[in-house]
Amino acid sequence: DDKMQIFFGQQDVDYNNPDKYAFLNWRFDNAFAPYDGKGMMQLVFDNFEMGKAYMSNAALTLCSLIHSQNGNNVADSLIFPILFSIWHGIELWLKSGIGAIYLQEGVQKSIPLGHDLFKLRDVFETELSNINMICAQKYALEDVDNLISEFKRVNAHFDFARYSSDNKGN
């Protein structure tokens with residue numbers, strides 16, 4: 001059949017020639033555990049890797065804008081997908097960090113759900129404090145914390161970079 005395939009299923013992949021494909025989860029399935037809601041190590045790893053993917057997308061797009069000197073004013077179109085990627089990347093990294101602490105410390109809690117970056121930052125900071133690692137927040141995460149504070153200052157929420165208005169029409 002000469003018809004072009006748009007989507008590939010498991011049966012369509014030639015694992016002897018993996019360079020032909022790009023899958024979202026290609027780097028994620030490292031067999032730490034099946035994700036069944038109980039595989040915390042796999043979830044921590046997956047969230048970290050997906051966070052890297054979102055942040056890499058944002059960084060590459062920003063570098064491209066700088067290199068092109070914003071030719072044709074494309075920044076106006078790309079800034080919201082860039083900010084969405086940054087927000088979501090940080091969210092996934094925070095969830096990964098929280099999960100890693102729970103895993104390391106044997107805490108039987110679920111990683112908080114949702115997209116509330118401010119709540120996730122607070123939970124992460126609390127968990128770092130609980131294991132006497134609050135210095136990591138100050139030194140290793142200062143730039144991320146500044147960015148989250150700036151999002152909070154302008155009252156940004158997860159949907160700010162996805163839709164032109166909220167569900168109330170604002």
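Heads up: numbering here begins at 1 and tracks the sequence. Source: prediction; values computed, not measured.
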Do the non-hydrogen side-chain atoms of [X] and [Y] ever get within less than 4.5 Å of each other?
X    : Y    : answer
M55  : K52  : no
K109 : E127 : yes
I98  : V44  : no
Y54  : E91  : no
I111 : M40  : yes
V107 : I101 : no
L65  : I79  : no

Tabulate below the donor-acceptor pairs under 3.5 Å that side-chain atoms of residues 117-125 make, not counting sequence neighbours, or state none.
| unit_1 | atom_1 | unit_2 | atom_2 | d |
| --- | --- | --- | --- | --- |
| R121 | NH1 | D145 | OD1 | 3.0 |
| R121 | NH1 | S149 | OG | 3.3 |

Starting at [atom1] of [X], measure out to [atom2] of [Y] and round the result to the nearest 0.5 Å.
X    : Y    : atom1 : atom2 : result
N57  : I82  : CG    : CD1   : 8.0 Å
N146 : R153 : CG    : CZ    : 12.0 Å
I131 : Y102 : CD1   : OH    : 11.0 Å

> Under 3.5 Å, side chain of W93 to main-chain N/O of H88, donor-acceptor pair present?
Replying inline: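 Not at all, since once roles are kept as given, no pair shorter than 3.5 Å links the two residues.
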Of all pairs that satisfy side-chain hydrogen bond (donor to acceptor under 3.5 Å, both in side chains), the ones with a partner from residues 62-80, not counting sequence neighbours: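 Sorted result for residues 62-80: empty, none.
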